[in-house]
Amino acid sequence: NTQNIGSASARPKEIFTATGTINTSDAREKTPVRPFTTAELVAAAELGREIGAYQWLAMLAEKGGAARQHIGLTVQRAIAILESQGLDPFAYGFICYDQWNELPEIRDEDGEIVQEHRPAGGRYSFRMDELLAFIARGLVHRLDAVEQRLAAAGL
């Protein structure tokens, strides 16, 4: 937990691994897990309903109709959903926003670029594993409610 691979302004394109990442989840390093509030359960279900297909604008510009479809939602929409339930989106680890300062172009004594110019900017992103766990909890809540209604009806 001491270094990053890439940054918001200099993202690695792809990471190939033989297995998935391992994320620390040791109870000795966490507060006790609390139940979701009603607002969180509603937001989780709404976030699940937002999942759809999209294409990256840069890939559309580069590949046109051959640009691939991806599945997910936008951080801006997730923020709006959480706020609609009175929740602070940035209190949750699955909502991220990073900003970076402008970097000037720097050349060495031979005129070779050693640092390319980078304008200041910012980017929204998700911690997808946490977002999907949040949505999954909303789905479990809805499934529990259906099962309770079925049981009450004798089915």
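As the structure is a prediction and not an experimental result, all values here were calculated from the model.
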Return the orientation label for the Trp56 and Tyr54 ring planes: parallel under 30°, perpendicular over 60°, tilted otherwise.
perpendicular
ask   = Short question: side chain of Gln115, backbone of Pro104 - any donor-acceptor pair under 3.5 Å?
value = yes
Are there more than 12 heavy atoms of other residues, nucleotides or ligands under 6.0 Å from atom CZ of Arg142?
no
Of all heavy-atom pairs linking Ala44 and Gly138, the shortest is CB-CA, 3.6 Å
* Asked: How are the rings of Tyr92 and Phe134 set to each other: parallel, tilted or perpendicular (split at 30° and 60°)?
  -> perpendicular
What one should report as the nearest heavy-atom pair of Ala43 and Leu82 is CB-CD2, 3.9 Å
Practice prompt. For Ile5, look at atom CD1 and say whether over 12 heavy atoms of other residues, nucleotides or ligands are found less than 6.0 Å away.
Written response: no
All heavy atoms of Glu46 vs all of Ser84, minimum pair found to be OE1-OG, 3.9 Å
One should read off an interatomic distance between Arg149 CZ and Glu147 CD, to the nearest 0.5 angstrom, of 10.5 Å
Is it the case that over 12 heavy atoms from other parts of the model lie below 6.0 angstrom from the CD atom of Glu116? no
query = Is there a side chain to side chain contact (heavy atoms under 4.5 Å, CB included) between Val140 and Phe36 once you walk through the steps?
reply = CA-CA 12 Å; Val140 167; Phe36 273 23; over 6 Å; no
The reported gap from CZ in Arg118 to CH2 in Trp100 (rounded to nearest 0.5 angstrom) is 7.5 Å
CG of Asp144 to CD of Gln148, rounded to nearest 0.5 Å, is 6.0 Å
Backbone of Glu112 reached by a side-chain donor or acceptor of Asp110 within 3.5 Å
no
When every non-hydrogen atom of Gln55 is compared with those of Ala67, the smallest separation belongs to NE2-O, 2.9 Å
When rounded to the nearest 0.5 Å, the distance separating OG1 of Thr74 from CD1 of Ile79 is 8.5 Å
To the nearest 0.5 Å, atom CG of Leu87 lies from atom CD of Glu40 at 6.0 Å
Self-check item: Side-chain donor or acceptor of Asn4 paired with backbone N/O of Gly6 under 3.5 Å
Solution: no
Taking a hydrophobic cluster as the set of Ile, Leu, Val, Met, Phe, Trp and Tyr residues connected by side-chain heavy atoms closer than 4.5 Å, whether directly or through intermediates, do Ile81 and Val42 fall within one such cluster? no
CZ/Arg68: more than 12 non-hydrogen atoms of other groups inside 6.0 Å = no
Whether Gln69 side chain and Ala53 backbone form a donor-acceptor pair below 3.5 Å:
no
Here the pair of heavy atoms bringing Phe126 nearest to Cys96 is C-SG, 4.5 Å
* For Leu143, does the CG atom have more than 12 heavy-atom neighbours from other residues, nucleotides or ligands under 6.0 Å away? -> yes
- prompt: Is Arg127 atom CZ crowded by more than 12 heavy atoms from other residues, nucleotides or ligands, each under 6.0 Å away?
  reply: no
One should read off an interatomic distance between Met128 CE and Ile135 CD1, to the nearest 0.5 angstrom, of 8.0 Å
